[in-house]
Amino acid sequence: MKPVNHKAWFLVAPVLLLVAISAIIPLMTVVNYSVQYVGSTGKFAWVGDEWYREVLHSEKFWNALWRNLVFSGVILAIQIPLGVLIALNMPRKGWGVPVCLVLMALPLLIPWYVVGMIWQMFGRVDIGLMGVMLRDFGYNYEGDPMDAWFTLILMDVWHWTSLVALLAYAGLVSIPDAYYQAARIDGASKWAVFRFIQLPRLGRVLTIAILLRFMDSFMIFTEPFAVIAGGDPVFLSTELKQTVELGKKAAMSIIYFLIILAVSWVFYAVMTRNDGEPTSADKARGGGA
Amino acid sequence: MARLDLSNIRHIYGPPGEGEPQYALRHVNQAFEHGGAYALLGPSGCGKTTLLNIISGLVHPSEGRVRIDGVDVTDKPTEKRNIAQVFQFPVIYDTMTVRENLEFPLRNRGVAAAQIKRRVDEVIEMIGLGALARRRARGLSADEKQKVSLGRGLVREDVSAILFDEPLTVIDPEVKWTLRTQLRELQRRSGMTMIYVTHDQTEALTFASGVVVMHEGQVLQVGSPKDLFEKPAHTFVGYFIGSPGMNVLPTKVDGAALRIGEYFAPLTSEPRLRGNPKLELGIRPEFVRLAAEGIPATIERIEDIGRHRIVRTRMLGHSVTALLQEHEPIPADPHLYFEPEGVHLYADSWRVELSGKPAP
């Protein structure tokens with residue numbers, strides 16, 4: 001009989017320790033709060049899934065969640081095509097390249113809160129440039145949630161489209177010249193070049209862009225907080241901020257986290273489903289062809 | 001089907017800068033006859049791909065004109081030139097199936113559906129992709145992808161010429177041989193003009209009836225494989241074509257003979273020279289004999305390559321290679337003898353045609 005020795009498990013210990021510190025312990029404290037009632041005296045009482053049920057039955061939560069999803073959807077629907085369009089029209093050589101890259105990178109370098117402040121002022125109907133210009137059309141982000149919503153979307157597009165454009169640009173310049181040459185030989189139209197060469201080859205960077213933009217926009221907090229200070233429209237994050245009970249907060253955080261995880265996973269799985277396709281060589285070997 | 005003419009082509013990459021311009025092509029005048037099978041042969045960086053891209057219009061020459069059937073197309077874009085080109089590395093549209101890839105060049109040109117089907121069926125049959133026709137191109141292996149690229153080059157029937165830029169680089173040696181033979185056969189059958197770029201002399205000599213040898217942006221010689229072997233126009237051609245390459249030795253002319261040191265190699269006739277060029281004697285190893293008399297030499301190494309033996313010798317301080325038949329004896333005190341019909345004279349690296357007067 002072979003001697004059995006379980007000491008090899010100790011080799012996993014360092015990794016376990018790292019993961020514990022970086023993820024498991026912080027997450028578990030939140031989980032811990034979410035199943036307890038924390039009294040004003042600091043006493044804890046076990047409440048099971050009570051907080052979760054309360055959150056999932058709260059209309060405010062569902063409204064915020066719905067608003068978040070629509071917000072992310074609108075953001076992606078604008079930023080991805082717009083970013084790709086900008087990238088397609090950026091120069092490939094000459095002095096225009098650094099100029100474009102720096103201009104594109106500028107919004108990304110501004111801290112979130114400052115972006116919020118900029119737009120808060122920009123949109124003010126008494127002194128803001130945009131606010132004053134749009135005042136006559138009835139625009140007022142402080143009074144009208146739809147106007148606030150519009151302002152937030154405009155702000156996010158201004159802030160983040162260049163990230164998509166830069167990623168797409170990086171993807172575009174990495175396409176070998178031979179593809180464009182072959183397309184010219186094959187007489188492909190500009191649209192066909194985009195549809196059959198550029199878009200498929202952008203697949204990977206766009207996956208990253210979509211994931212990043214989804215996660216970021218879904219977690220949006222600083223900007224609405226800066227612009228409308230937790231007023232309407234209410235997002236999951238601002239709702240979370242305004243929740244007082246520790247247990248409810250924790251339960252909401254866990255649900256929020258799981259939603260982001262699930263949606264990101266679905267995006268990723270859908271967008272990379274073709275990558276694992278076996279080559280014909282593999283198939284030939286497997287099928288004995 | 002058409003005739004291609006390149007006249008006074010020069011090309012420099014990048015903007016015209018100060019100092020000595022770096023010519024990718026120095027000065028090329030070359031005609032490709034209708035229905036010919038040509039190979040552009042030369043070492044890497046000699047300008048063969050540039051020349052090919054100038055023909056297809058992917059590169060606009062710095063100087064010179066390109067004509068197809070007498071019509072100047074120099075300023076016409078690739079799409080309007082009616083030329084097919086296959087690149088060194090596979091280029092496929094990987095979201096399309098193999099079949100759609102082959103249909104693509106025809107669809108873009110508005111060919112009727114029935115005709116597309118007929119032609120694509122033919123090409124799929126020809127390059128043996130039948131089993132893969134419905135497969136997504138993205139999952140194919142490198143040589144299958146290159147077959148798809150090749151197929152896209154062959155699918156248009158009305159092209160003026162098909163250009164191949166080292167198309168078989170990524171393909172397995174066994175498949176390579178088959179594909180090359182198929183291409184050659186197709187060329188004979190269809191009578192399409194094909195220009196095939198390669199740095200591999202075997203590939204060039206087996207594919208082409210006309211081989212264009214290039215070196216450092218210039219065409220050195222155009223001819224049949226036989227011409228290139230028997231009358232290399234430039235010492236580089238002699239050295240580049242044939243294995244082992246031609247021996248090149250410094251020499252002096254003395255009547256109808258070449259003098260090396262105190263020895264003489266006879267010529268078939270007396271050369272006429274102008275000026276004071278650098279003179280060299282060129283002789284292929286096939287024409288060097290090991291004999292009991294001639295110019296004394298020492299043997300440095302013998303390589304047995306099956307039916308032949310390559311004998312590396314040193315003669316008057318120069319290394320000279322001889323090619324011996326399998327059973328030819330090697331004399332104990334070897335001397336080298338140059339067969340007169342194999343002796344060429346080069347003035348400033350270019351071959352001097354020995355004409356007229358027979359040797360006295």
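To find a chain, count down the sequence lines: A is the first, B the second, and so on, and within it residues start at 1. Here the structure is a predicted model, which is why all the values come from computation and not from measurement.
- Around atom CH2 of A:W158, more than 12 heavy atoms belonging to other residues, nucleotides or ligands sit under 6.0 Å away.
- Distance check, rounded to the nearest 0.5 Å: CD1 of A:I185 to CZ of B:R156 gives 7.5 Å.
- Ion pairing of A:R201 with B:D94 is present here, as a side-chain N (NZ or NE/NH1/NH2) and a carboxylate O approach within less than 4.0 Å.
- Neither the backbone nor the side chain of B:L106 comes within less than 4.5 Å of any heavy atom in chain A.
- In B:E125, the CD atom is not crowded: 12 or fewer heavy atoms of neighbouring residues, nucleotides or ligands sit closer than 6.0 Å.
- Interface summary for chain A: among B:R81, B:M96, B:R109, B:R152, the most heavy-atom pairs under 4.5 angstrom belong to B:R109.
- The ring of B:F104 has its center closer than 6.0 angstrom to the ring center of A:F196.
- A distance of 12.5 Å separates CZ in A:R184 from CD1 in B:I83, rounded to the nearest 0.5 Å.
- For the atom pair OG (A:S189) and CZ (B:R107), the distance works out to 13.0 Å, reported to the nearest 0.5 Å.
- Between A:D186 atom CG and B:T78 atom OG1 the span is 11.0 Å, to the nearest 0.5 Å.
- Summarising the local packing, CZ of B:R134 is surrounded by 12 or fewer heavy atoms from other residues, nucleotides or ligands at distances under 6.0 Å.
- Nearest heavy atoms, B:V91 versus A:A182: CG1-CB, 3.5 Å.
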